[in-house]
Amino acid sequence: MNSFAATNRNFRHAVKLLGLDSKLAKSLLIPFREIKVECTIPKDDGSIHSYVGFRVQHDNARGPMKGGIRYHPEVDPDEVNALAQLMTWKTAVADVPYGGAKGGIGCSPSDLSVSELERLTRIFTQKIHDLIGIHTDIPAPDMGTNSQTMAWIFDEYSKFHGHSPAIVTGKPLDLGGSLGRDAATGRGVVFATEALLAEHGKSISGLTFAIQGFGNVGSWAADLIHGRGGKIVAISDVHGAIRKPDGIDIPALSKHKAEGGLLKDFKDADVMDQNELLVQECDVLIPCALGGVLNNENAANVRAKYIIEAANHPTDPDADEILSKKGVTILPDIYANAGGVIVSYFEWVQNIQGFQWNEEKVNVELQKHMNDAFANIKSMCKTHDCSLRMGAFTLGVNRVARATTLRGWEA
């Protein structure tokens, strides 16, 4: 089941638990606006090439729409739609005053030069600049994009609308980015893990962890877990996987990677099959990479007691059912990886205020938001006698439904 079908299924289940009116439910599901644009650029070799860009603006009942822009060959309307909808519920779960959006361009960033990426980004911005805005829709980085991409969008948008640092988040610090933003998603994953473990009378210290993905989120999560006394027994990235039952030396691994080394070539650990990482014996499994990695083929073999969904949609519904029957506790993506959008909100607030927060304030406020959200999810679980995933979905959907009703849009 793809992410679009799975998100809709979770939404329908939440609607049923909440007893929402069918007319209201239908209005919550339909996107506010879908944008599709052609982006034609001259390549460095003088040839002309066209790319298709998308932006789905899902819902703005609770505030401006918010979501990333990804550059990937497989960007398609269904995926962008699902991720935009997921952002609506995620921002509501985190209780930041946004709705959901998502965008992307169907391209392979690794095949484009820096100047080609800049031209593509600026053309895309020109095509959508009058449909985004600091109080309308605020993009952010996603797969295949970064702070430099956001800098180009900010600059191009400002040509039309005047100096507007709040138009994007995830910017470089020199252009109004926030301290703590780079670590935000990974740090949020760790705060979410701590909240869940505390509920079960445990802490990170002394537990074993397997982490799939050693990019931005995985590397920050690994570093922070290691610093709290957690033992990371297996870790992987696109190039391979390694394990060490006594615990991998994360600072040494990070240094190895920073010096250009491949994860699989790290000397102080054993190479393992990437697929085996998901069924590695550990207390906590943290998928930080792709969607759909836990499915009906491997779910029965998962040995972790807790799964923290740092990636978007890593567990498909079949696996969800199998894992639940096994007694595995799953912390859902719309809560577990919300640290990024929470600190994006802080960045937006700082840009509007024209005042920068220090990193300690950012991290303290992030932890407060993550802890409050977990308490609210647990409350919904108790009310509706449901899983953490449905507790999060009912929390998010209910908040958006209430805002929609109060604004008089559901009629």
Side-chain angles (χ1 to χ4, degrees), residues 3-20 25 28-29 58-59 61-62 66-67 82-100 102 185 188-200 217 284-288 291 294 306-317 319-321 323-324 328-342 345 366-403:
S3 58
F4 186 60
T7 302
N8 283 349
R9 175 170 150 168
N10 289 330
F11 171 78
R12 287 194 300 271
H13 192 180
V15 164
K16 191 175 176 183
L17 287 173
L18 292 165
L20 292 185
L28 292 178
L29 205 53
H58 180 256
D59 191 279
R62 298 182 66 256
K66 187 87 187 76
L83 293 170
Q85 186 194 143
L86 207 58
M87 282 301 296
T88 295
W89 317 135
K90 183 184 292 185
T91 52
V93 167
D95 203 19
V96 293
Y98 288 141
K102 208 76 173 185
T185 308
V189 165
V190 174
F191 288 151
T193 303
E194 287 179 320
L196 175 66
L197 293 175
E199 181 79 14
H200 292 259
V217 179
V284 185
L285 172 63
I286 309 181
C288 298
L294 292 166
Y306 305 95
I307 294 173
I308 314 296
E309 294 188 334
N312 281 322
H313 185 60
T315 314
D316 75 19
D320 222 346
E321 205 170 306
L323 291 163
S324 294
V328 177
T329 302
I330 302 173
L331 202 58
D333 52 359
I334 62 168
Y335 163 64
N337 65 25
V341 76
I342 291 169
Y345 165 60
L366 171 59
Q367 185 166 24
K368 182 179 184 302
H369 271 73
M370 294 302 291
N371 288 346
D372 288 351
F374 185 77
N376 289 327
I377 290 168
K378 288 297 294 182
S379 176
M380 293 301 268
C381 290
K382 190 174 178 183
T383 301
H384 298 289
D385 188 24
C386 61
S387 66
L388 285 167
R389 187 181 308 285
M390 291 322 303
F393 263 88
T394 51
L395 175 63
V397 171
N398 192 47
R399 280 180 169 158
V400 179
R402 280 182 2 220

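When every heavy atom of Ala392 is checked against every heavy atom of Val93, the shortest pair comes out as O-CG2, 3.2 Å. Of all heavy-atom pairs between Gly391 and Cys381, the closest is CA-SG, 3.8 Å. When every heavy atom of Phe11 is checked against every heavy atom of Leu29, the shortest pair comes out as CD2-CD1, 3.5 Å. Across all their heavy atoms, Gly396 and Ala92 have their closest contact at O-CB, 3.5 Å. Pairing each heavy atom of Ala310 with each of Val217, the nearest pair is CB-CG1, 4.0 Å. Asn371 approaches Ala195 most closely through the heavy-atom pair OD1-CB, 4.1 Å.
Contact annotation: the side chain of Asn10 approaches that of Arg389 to within less than 4.5 Å [non-hydrogen atoms, C-beta and beyond]. Thr329 places a side-chain heavy atom less than 4.5 Å from the side chain of His200. Annotation: side chain of Leu331 is not in contact with side chain of Glu309 (no heavy-atom distance under 4.5 Å). The closest side-chain heavy-atom distance from Ile330 to Leu388 is not below 4.5 Å. Here the side chains of Val397 and Leu20 are in contact, with some heavy-atom distance below 4.5 Å. Residues Leu18 and Met380 are in side-chain contact: their nearest non-hydrogen atoms beyond the backbone lie under 4.5 Å apart. By the 4.5 Å heavy-atom criterion applied to side chains, Asn8 and Gln85 are counted as neighbours.
In this structure, the side chain of Thr91 engages the main chain of Met87 through a donor-acceptor pair within 3.5 Å. The backbone N or O of Met370 lies less than 3.5 Å from a partner atom in the side chain of Tyr335, making a donor-acceptor pair.
Distance check, rounded to the nearest 0.5 Å: CG of Asp333 to OG1 of Thr315 gives 7.5 Å. In this structure, Leu196 CG and Ile377 CD1 are separated by 10.0 Å, a value rounded to the nearest 0.5 Å. With values rounded to the nearest 0.5 angstrom, Gln367 atom CD is found 11.5 Å from Ile342 atom CD1. Between the CZ atom of Phe191 and the OG1 atom of Thr193 there is a distance of 11.0 Å, given to the nearest 0.5 Å. Within the model, atoms OG1 of Thr7 and CG of Leu83 stand 7.0 Å from one another, a figure rounded to the nearest 0.5 Å. Residue Asn337 holds its CG atom at 7.0 Å from OG1 of Thr185, rounded to the nearest 0.5 Å.
Qualifying ring-ring contact (aromatic ring centres under 6.0 Å, His included) partners for His369, counting only residues two or more places apart in sequence or in other chains: Phe346. Applying the salt bridge (Lys or Arg N to Asp or Glu O under 4.0 Å) test to Arg399 and every residue at least two apart in sequence or in another chain returns nothing. With sequence neighbours excluded, the residues that form a ring-ring contact (aromatic ring centres under 6.0 Å, His included) with Tyr98 are Tyr345, Trp348. Not counting sequence neighbours, Lys90 has no partner by the salt bridge (Lys or Arg N to Asp or Glu O under 4.0 Å) test. By the salt bridge (Lys or Arg N to Asp or Glu O under 4.0 Å) test, Lys16 pairs with no residue at all, sequence neighbours left out.
Under the salt bridge (Lys or Arg N to Asp or Glu O under 4.0 Å) criterion, the residue pairs touching residues 374-383 are Glu199-Lys378, with sequence neighbours excluded.
Screening Asp59, Leu28, Leu395, Thr394 for a side chain to side chain contact (heavy atoms under 4.5 Å, CB included) involving Trp89 leaves a single residue, Leu28.
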side-chain contact (heavy atoms from CB on, under 4.5 Å), that's the test. Do Phe393 and Val15 meet it? Break it down for me.
CA-CA 9 Å; Phe393 263 88; Val15 164; over 6 Å; no

Full working for side-chain contact (heavy atoms from CB on, under 4.5 Å) between Val400 and Arg62
CA-CA 7 Å; Val400 179; Arg62 298 182 66 256; 3.9 Å; yes

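Between Asp95 and Lys368 there is no salt bridge, since no side-chain nitrogen of the basic residue lies less than 4.0 Å from a carboxylate oxygen of the acidic one.
Side-chain contact annotation: Thr88 with His58, donor-acceptor N/O pair under 3.5 Å present.
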